[in-house]
Amino acid sequence: MSRRRYQPDADDINAFRQALSKAGVRPLQSNRADPGRPRREDEATRARRAAATDAGSDNATGRSSDGRVEAVRPSAYLDFALPDLPYRTRSQLKRGRIAWEAGLDLHGHTVNEARLELETFLRDAEAERARCVLVVHGKAWGTTSDYPVIKSHVNAWLREWPSVLAFCSATDVDGGTGAVYVLLRRQR
């Protein structure tokens, strides 16, 4: 059942504006908040601003776009977090204490298919306002390389994704070093 919102007519709008004017309400001159104190300029703040600036630019030539990624060992523990992520949140993620709400298995995919699946999955998770998701990448070595290709690429892709706050290898129950928990920023 849908609710229809009340649409005020022109008389109601004019009456509202006149009441605001009589009360002394004036339009804002600036759309920026003034907290009354100087801006912080510590290392974490600079790193956060730099990450936000980098994430905001739609740069199609990321380091994983050209196929060069840092190779990781099959048993390597993956761990990444933005500098200002609270220690407690990161610790809960590492211990598997944040329940994951959706999962993706990338076994059997080529690198291009895996990237497309991962991007679609992350967009859908953002749209559903998921906080934590599980991505199973496996530990299998590529047929033409001597390292786990999908795992290495997932490690690079997640670091570049703008809404990823942190990720780490899963606990043994959820796949161990063959899977990662991904903590996402919730869109407002």
Side-chain angles (χ1 to χ4, degrees), residues 44 47-48 50-52 54-56 58-188:
R48 189 172 58 247
D54 291 344
D58 293 326
N59 188 1
T61 59
R63 67 185 166 119
S64 62
S65 299
D66 59 3
R68 292 183 308 227
V69 295
E70 178 183 342
V72 295
R73 294 185 325 273
S75 61
Y77 185 86
L78 300 182
D79 187 18
F80 167 81
L82 292 180
D84 61 340
L85 186 72
Y87 174 80
R88 184 175 184 175
T89 303
R90 187 172 184 181
S91 151
Q92 287 176 334
L93 183 69
K94 285 182 175 184
R95 285 189 243 132
R97 299 274 167 87
I98 300 176
W100 51 276
E101 302 165 45
L104 173 69
D105 189 352
L106 296 175
H107 282 105
H109 288 83
T110 65
V111 173
N112 291 334
E113 291 171 346
R115 182 171 189 144
L116 182 64
E117 286 289 321
L118 181 63
E119 288 177 352
T120 303
F121 175 71
L122 291 175
R123 277 193 206 97
D124 292 345
E126 289 171 27
E128 294 293 321
R129 296 182 45 84
R131 178 74 170 146
C132 183
V133 295
L134 178 74
V135 177
V136 180
H137 47 68
K139 299 188 271 187
W141 290 28
T143 56
T144 60
S145 54
D146 57 349
Y147 62 94
V149 177
I150 299 296
K151 179 176 182 173
S152 299
H153 279 80
V154 165
N155 184 33
W157 295 334
L158 289 175
R159 291 172 191 268
E160 295 174 351
W161 195 261
S163 63
V164 171
L165 295 174
F167 66 87
C168 65
S169 290
T171 59
D172 290 337
V173 172
D174 289 326
T177 56
V180 289
Y181 298 124
V182 182
L183 187 66
L184 299 172
R185 175 179 288 120
R186 285 194 175 144
Q187 303 296 327
R188 292 181 181 159

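In this text the structure is predicted, and so the values were computed from the model without any measurement.
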Could you grab the distance from atom [atom1] of [X] to atom [atom2] of [Y], nearest 0.5 Å is fine?
X	Y	atom1	atom2	result
Thr177	Lys151	OG1	NZ	4.0 Å
Leu82	Leu165	CG	CG	5.5 Å
Leu183	Leu158	CG	CG	11.5 Å
Ile150	Asn155	CD1	CG	12.5 Å
Ser169	Leu78	OG	CG	4.0 Å
Trp161	Arg185	CH2	CZ	13.0 Å

Nearest heavy-atom neighbours spanning [X] and [Y]:
X	Y	result
Leu106	His137	CB-CA, 4.4 Å
Lys139	Pro148	O-CB, 3.7 Å
Arg90	Leu85	CB-CD2, 3.9 Å
His109	Glu113	CA-OE1, 3.5 Å
Leu134	Asp174	CD2-O, 4.0 Å
Tyr181	Ala170	CE1-CA, 3.4 Å

Glu128 atom CD, over 12 foreign heavy atoms within 6.0 Å: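 Atom CD in Glu128 is not crowded, with 12 or fewer foreign heavy atoms closer than 6.0 Å.
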
Taking the side chain from [X] and the backbone from [Y], do they hold a donor-acceptor pair closer than 3.5 Å?
X	Y	value
Arg97	Ser91	no
Glu70	Ala156	no
Ser152	Val72	yes

Residue among Leu118, Thr120, Asp124 satisfying side chain to side chain contact (heavy atoms under 4.5 Å, CB included) with Leu104: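 Only one option passes, and that is Leu118.
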
Residue pair Leu93 / Cys132, side-chain heavy-atom distance below 4.5 Å: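 They are in contact (side-chain heavy atoms under 4.5 Å apart), so the answer is yes.
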
